[in-house]
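What follows is a set of notes on a single structure, which appears directly below.
Just so we're clear, the structure is a prediction, and the values are computed from it rather than from any experiment.
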Amino acid sequence: MNNRSSILVFSLSGFNATVNYRATLFSLTLLCYGLILVVNVSLILTIILNQNLHEPMYIFLCSLCINSLYGTAGFYPKFLSDLLSDIQVISYVGCLLQIFVIYSNAKTDYSILVLMAYDRYVAICRPLEYHSVMSVRRTAVLVILSWVVPFSCEAAVIILTSVLKLCGSHIDKLYCENWSIVKLACGSTRANDIVGLIVISFYFGHALFIACSYVWLVKSSLKSREGRRKFTQTCVPHLLCLLNVTSSLLFDVMYSRYGSASMSQNLRNFMAIQFLVVTPTLNPIIYGLNLSKIRNTMIAYLCTFAGKSFKLTIKV
């Protein structure tokens, strides 16, 4: 425990490659974070305020957007602060907290996408049973589980990491990541490796479940024009979001575990923040553009707001 307790702060060396353009990167990051906040909050408010959108699919989408706000809050404020600082460090406790927030966010994303795939499967393959299967109570339970299970998995990972004896404090990334800390351990990390593989396998099972559900969806949707319409309108956005999340997380996992030191720091940084930039930005835009109910509702709200603002301006 002496080795672990002596590590009070970690240094984040990923910022070494940003020295010459930190002002530009700060401006772009602030713009990106602002966009993430605007698009996700807009979608959340649209779903909450419109009673017609209080259906399982839109509730899951609302949960997905809330999760994006939660996850990005664990990265962007600290990242923006580090870009303005000459020294990029993070406390031991702060590092573990950042790992928990960022990676429980990634796991929750996958859990919610599984629920959305199941919802589409029931809607298209078993339409007559949809309202009984996807009842309000069951929907609420599924949403709760989609948060509790990932949080529990990540808590187990963090607990195992927190008891490691560390012989270093240098993290070669822009933010804290569990595998980076495990590599600093003085002793055996077998338990961490086993639990890590179990968690990865568990979420790989999520991907298989989604793949199987879409095999059935494609078979069912091809049988009728209505089925094809439902698939195109509601399943294509889900598939795009799934590919977005999977590719971004794959970049991060492959880089963390198998990344080569010979790669340029800029490329490594880009690979590391893929799922923190692309996923929370594109997911609400993809759904907002493709789902007519959401798109029409948002346009109606914007027109109403613009009309009220115009009237107020004329009065003034």
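- Using modelled atom types, no side-chain atom of Ser135 and backbone atom of His131 make a donor-acceptor pair closer than 3.5 Å.
- Remark: aromatic rings of Phe151 and Phe100 are close, center separation under 6.0 Å.
- Side-chain contact check for Ser104 and Tyr70: at least one donor-acceptor pair (N or O, by modelled atom type) lies under 3.5 Å.
- Between the Tyr121 side chain and the Ile210 main chain, no donor and acceptor come within less than 3.5 Å of each other.
- Panel note: side chain Thr72, backbone Leu69; a donor-acceptor pair is recorded below 3.5 Å.
- At a cut-off of 3.5 Å, with distance as the only test, a side-chain donor of Glu177 or Ser180 sits close to an acceptor on the other residue.
- Counted by atom type alone, Tyr175 and Asp82 present zero donor-acceptor pairs between their side chains at under 3.5 Å.
- With Ser91 contributing its side chain and Gly94 its backbone, the two residues share a donor-acceptor pair below 3.5 Å.
- Checked by atom type and distance alone, the side chain of Ser42 never pairs as donor or acceptor with a backbone atom of Val39 at under 3.5 Å.
- With Asn67 contributing its side chain and Thr108 its backbone, the two residues share no donor-acceptor pair below 3.5 Å.
- By the 30° and 60° cut-offs, the orientation of the rings of His206 relative to Tyr203 is tilted.
- Note: Phe79 and Phe15 have tilted aromatic rings, judged against thresholds of 30 and 60 degrees for the angle between ring planes.
- No side-chain donor-acceptor contact under 3.5 Å links Ser81 to the backbone of Pro77.
- In this model, a donor atom of one side chain and an acceptor atom of the other lie less than 3.5 Å apart for Ser63 and Trp147.
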